Amino acid sequence: MKRVFLALFLITACVLSQAVICFSEENAPVAYHIEIDIFENEQAAHIKTHITYQNRTGETLENLFFALPANCFRRESTLPYDNDTLPEAFPYGYAPGGCDIESIRVNGESADWAVSGENEIYIRVPVSLEIDEVCEIEFDYALLYTENCAFLGVSENDVRLFGFYPSLLVYEDGGFSINALTRAGKSHYSDLASFDVFLSVPVDYDVACAGKTKEIVNGARKHVSIHLENAREMALVVSLKFHARSETTSSGVLLSIYGQNRADLSKSLAYIEEAVSFLDQNLAPFPHASFTLVFSDLAGENLSASGINVVSKGEFDRAEIYKAVLKQYFSDRVHPNPAMEAWLTDGLTEYLSMIMLREIRGEKEFLSLLNARVLPSIQITIPGGLTPVSETMRFQTISEYESVVCLRSAAALHEVETAMGKDAFWSGIKQYYSDYAFEMPVSDDFARALERATGRSWADALYHWLYTIDEYAGENLYEYD
C-alpha cells in the first residue's frame with residue numbers, strides 16, 4: 001500500500017488493563033488483550049499482547065508454546081507459498097517482515113523465552129503453572145508487514161492483520177501441538193479464547209472484524225473496541241475504500257460485507273443470509289453473534305478466522321460464499337487439527353457447500369458443480385500417493401492440496417452420501433457437529449458420528465472412498481448424474 005494510505009491509518013495505543021480475569025466454566029481458558037501502535041511511515045507496528053491463561057490441562061506445566069505466524073515472512077524460503085502462487089502473493093517482490101520481540105514477561109517478571117524452528121514462528125515461554133492456576137503473559141514486540149497480497153500485509157486498498165499476535169497452541173496428548181508450516185493448507189492450531197482489541201482510525205475508515213464492536217467518534221477519529229468470545233483467532237481488515245452492507249438475520253446474527261465493488265455487495269450479502277438461515281434451521285445456530293465477509297486484494301488463498309472470512313475481490317459465487325459460512329462451523333467451533341485432519345475442515349465444507357446449493361437451488365446446479373469442479377480432480381494423476389487424509393506437510397503446492405484434500409474429499413463424501421441416503425447423511429453431519437462442538441475431532445470421530453446417527457457403521461465405506469476415490473475415474477466415471 002502506498003505511504004499516503006498508511007499516513008492516514010493510525011492506530012493509537014490504549015491503556016492495558018492489569019485486572020486479573022476470573023474464569024467460569026462458560027469462559028475460554030485464554031483471554032487476549034491487545035494494544036497496537038502503528039508507525040505509519042514504516043509499515044510497522046508496536047504491539048503489546050497481554051494474555052491471561054488458566055491451566056485446565058489437568059497437568060502441571062513447565063512451558064507454554066505460542067505460534068506467531070507473522071514470522072514466516074522473515075525469509076523468502078519460509079513463506080507458505082509455492083512457486084506458482086508466490087508472484088501473486090508478492091507482486092512487488094519479496095520484502096522481509098515478521099516480529100522482533102523486545103520482551104516477554106510472566107506474572108510481571110522477565111521470562112527466559114526462546115523461538116523454535118527455521119521460520120521462528122513458535123515461541124516457548126517457561127512457566128511454573130499448577131492445575132487450575134492462572135498466569136499473566138505479556139509480549140512486547142515490533143511487527144513489520146510488507147506491501148503484499150498475502151495474509152499479513154498492505155496492498156493497494158487495505159491492511160490485513162492475520163496472525164499478528166502470539167497465539168497459544170492446543171494442549172493435547174501430554175503436550176502442545178506444534179504443526180510444521182507448509183506450502184499447502186493451514187497449519188495453525190489454536191485454543192479457544194476471548195479477545196479484546198482496541199484501535200483508533202480516521203473517521204472515514206472502516207474496520208472489518210468479527211465480534212461485538214463499539215465506535216466512539218472524536219473529531220477526525222473514531223475509536224473502535226472489539227470483543228470476541230469463544231474464538232480461535234482474531235483478525236481484522238482496515239480500508240479507506242470499503243463500501244459496506246449489513247443486515248441482521250431473523251435469529252439475530254449481524255451479517256456484514258465489505259469491498260471496493262459496490263455492485264457485488266448486495267448480491268453476496270443475500271448469499272450469506274441464505275447460508276446462515278439454512279444452517280440455523282437445519283444444523284445449529286450460527287456460532288458467533290456476527291459474521292463479516294471482506295472482498296480484498298488477496299492472492300494465493302482465502303482466509304478464515306473466527307467470525308470473519310477474507311476472499312479475493314474477483315468473482316465469488318454462491319457456493320464459495322456458502323463454504324465461507326460453513327468454515328465458521330467446521331474449522332472454528334468444531335476445530336480439527338488443520339495439519340493432521342485437513343479434510344475434516346476443507347473437504348467437508350467443500351461438499352457441504354454443494355449440498356446447500358442442492359437444497360436451495362436444486363439438483364441441476366448441484367450436479368453441474370460436481371461435474372465442473374469435482375470430477376476433474378479425480379481424473380488427473382497426483383504424484384506421491386497422496387490421499388484426502390494425507391498430512392498437509394506432504395503437499396508441495398496449493399493446487400495439489402485443493403485437488404486432493406478439498407475436491408477428492410468432496411467426491412468421496414458424495415459416494416458415502418449416495419450409499420447412506422441424503423437424510424441419513426445429514427443426520428450424521430448434525431450428530432458430528434453436536435458431539436464435537438468446542439472439541440478437536442479426528443477422522444474416526446466423524447465415522448463414529450455417522451454410526452451414532454444411523455445405528456450402522458459407515459467407517460469402512462468412508463475410508464474406502466477416501467483412499468481410493470481416484471481409482472474410479474476414467475472409464476468408470478465420466479459424469480455425475
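Being a predicted model, the structure only gives us computed values, none of them experimental. For reference, positions follow the sequence shown, starting with 1. Side-chain atoms are counted along with the backbone in the values below, which use heavy atoms only and exclude waters and symmetry mates.
- Listed by chain and number, the residues in a salt bridge (charged side-chain N to carboxylate O under 4.0 Å, His left out) with D206 amount to none (sequence neighbours excluded).
- Taking the six-membered ring where tryptophan is involved, the planes of F198 and H33 are tilted, since the angle between them lies from 30° to 60°.
- In summary, the side chains of E136 and H50 do present a donor paired with an acceptor at a separation below 3.5 Å, with no hydrogens or angles considered.
- Among residues at least two apart or in separate chains, side chain to side chain donor-acceptor pair (under 3.5 Å) pairs with a member in residues 333-346 are N179-N337, K327-D346, E341-S443, W343-S443, D346-Y401.
- Using a 4.0 Å cut-off between charged side-chain N and carboxylate O, R373 and E402 make a salt bridge.
- The heavy-atom pair separating G428 from L450 by the smallest distance is CA-CD2, 3.7 Å.
- Judged purely by distance below 3.5 Å, without hydrogens or angles, the side chains of E172 and S177 pair a donor atom with an acceptor atom.
- H243 and F295 have their aromatic ring centers separated by at least 6.0 angstrom.
- Counting heavy atoms from C-beta outward, E439 and V334 have side chains that stay 4.5 Å or more apart.
- Inter-residue side-chain proximity for E363 and L367 is flagged as met; some heavy-atom pair is nearer than 4.5 Å.
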(request) List the steps, then state whether side chain to side chain contact (heavy atoms under 4.5 Å, CB included) holds for E233 with S167. (result) CA-CA 8 Å; E233 296 177 72; S167 176; 5.6 Å; no

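- Residue D204 places its CG atom among more than 12 non-hydrogen atoms of other residues, nucleotides or ligands, all under 6.0 Å distant.
- Distance alone, capped at 3.5 Å, places no donor-acceptor pair between the D158 side chain and the S296 backbone.
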(request) Verify salt bridge (Lys or Arg N to Asp or Glu O under 4.0 Å) between R408 and E415, making sure each step is shown before the conclusion. (result) CA-CA 11 Å; R408 288 188 181 180; E415 298 300 330; over 6 Å; no

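- Judged as a side chain to side chain donor-acceptor pair (under 3.5 Å), the pairs with a partner in residues 274-283 (not counting sequence neighbours) are, in order, S251-D280, E273-S277, E274-R318, E274-Y322.
- Note on ring orientation: taking the six-membered ring where Trp is involved, the planes of F425 and Y351 are perpendicular (angle over 60°, cut-offs 30° and 60°).
- E350 and K323 are joined by a salt bridge, as a carboxylate oxygen and a charged side-chain nitrogen come within less than 4.0 angstrom of each other.
- Residues K214 and V224 fail the side-chain proximity criterion, which asks for heavy atoms closer than 4.5 Å.
- Panel note: side chain T248, backbone G252; no donor-acceptor pair is recorded below 3.5 Å.
- With a 4.5 Å cut-off on side-chain heavy atoms, D445 and Y436 count as touching.
- Here the closest heavy-atom approach between residue A67 and residue L169 is recorded as CB-CD2, 3.6 Å.
- Listed here is the closest heavy atom pair of V203 and G219: CB-O, 4.3 Å.
- Each of V197, T213, V238 was evaluated against V207; a single residue qualifies, V238, per the side chain to side chain contact (heavy atoms under 4.5 Å, CB included) test.
- If you check the side chains of H46 and D140, you find a donor sitting under 3.5 Å from an acceptor.
- In the displayed structure, R262 atom CZ is contacted under 6.0 Å by at most 12 heavy atoms of other residues, nucleotides or ligands.
- Within 6.0 Å of the CE atom in M420, the count of heavy atoms belonging to other residues, nucleotides or ligands exceeds 12.
- Not one N or O on the side chain of D196 forms a donor-acceptor pair closer than 3.5 Å with the backbone of H227.
- Pairing each heavy atom of V311 with each of N302, the nearest pair is CA-OD1, 3.6 Å.
- The minimum heavy-atom distance linking M234 with Y165 is given by the pair N-OH, 2.9 Å.
- Proximity of a side-chain donor or acceptor of T146 to a complementary backbone N or O of N148 within less than 3.5 Å is not detected.
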(request) Mind running side-chain hydrogen bond (donor to acceptor under 3.5 Å, both in side chains) on N309 and Q328 for me, showing each step along the way? (result) CA-CA 9 Å; N309 275 68; Q328 299 299 315; 2.7 Å; yes

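- Residues F66 and F176 place their aromatic rings such that the two centres sit no closer than 6.0 Å.
- Side-chain atoms of S200 and R221 include a donor-acceptor pair closer than 3.5 Å.
- By the 4.5 Å heavy-atom criterion applied to side chains, F164 and L152 are counted as neighbours.
- For the atom pair L279 CG and L352 CG, the distance stands at 8.5 Å (nearest 0.5 Å).
- Here the options are F330, Y432, Y433, the test is ring-ring contact (aromatic ring centres under 6.0 Å, His included), and the partner is F446; only Y432 passes.
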(request) Starting from the C-alpha separation in whole Å, work towards a yes-or-no answer on ring pair (Phe, Tyr, Trp, His ring centres under 6.0 Å) for F366 and H414. (result) CA-CA 11 Å; F366 168 72; H414 178 60; 5.8 Å; yes

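- Residues P166 and L68 share a closest heavy-atom pair of N-CD1, 3.5 Å.
- For Q431 and D435, the side-chain atoms include at least one donor-acceptor pair closer than 3.5 Å.
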(message) The test is side-chain hydrogen bond (donor to acceptor under 3.5 Å, both in side chains); show your working for S306 and D332 and say whether it passes.
(response) CA-CA 6 Å; S306 300; D332 187 63; 2.4 Å; yes

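- Side-chain atoms of S290 come within 3.5 Å of backbone N or O of G211 as a donor-acceptor pair.
- S268 places a side-chain N or O within donor-acceptor distance of the main-chain N or O of D264, the cut-off being under 3.5 Å.
- Using the six-membered ring where Trp is involved, F73 and F90 have ring planes that are tilted, between 30° and 60° apart.
- Residues L161 and V237 fail the side-chain proximity criterion, which asks for heavy atoms closer than 4.5 Å.
- Between the side chain of T292 and the backbone N or O of S256, no donor-acceptor pair lies under 3.5 Å.
- At distances below 3.5 Å, not a single donor-acceptor pair connects side-chain atoms of S409 with backbone N or O atoms of C406.
- Checked by atom type and distance alone, the side chain of S403 never pairs as donor or acceptor with a backbone atom of E400 at under 3.5 Å.
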(request) Test side chain to side chain contact (heavy atoms under 4.5 Å, CB included) on C72 and F151 and set out the steps. (result) CA-CA 11 Å; C72 75; F151 69 81; 3.8 Å; yes

(message) Does I308 form a side chain to side chain contact (heavy atoms under 4.5 Å, CB included) with F291? I'd like the steps, not just the answer.
(response) CA-CA 6 Å; I308 184 170; F291 175 69; over 6 Å; no

(message) Test side chain to side chain contact (heavy atoms under 4.5 Å, CB included) on L283 and W426; report intermediate values, then the result.
(response) CA-CA 9 Å; L283 181 64; W426 190 255; 4.3 Å; yes

(message) Walk me through whether F65 and Y122 qualify under ring pair (Phe, Tyr, Trp, His ring centres under 6.0 Å).
(response) CA-CA 7 Å; F65 285 86; Y122 298 106; 8.5 Å; no

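- For the 3.5 Å distance criterion, the side chains of Y141 and T49 qualify, holding a donor opposite an acceptor.
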(request) Take R358 and E417 through the salt bridge (Lys or Arg N to Asp or Glu O under 4.0 Å) test and state the conclusion after the steps. (result) CA-CA 13 Å; R358 180 180 66 203; E417 186 199 33; 2.7 Å; yes

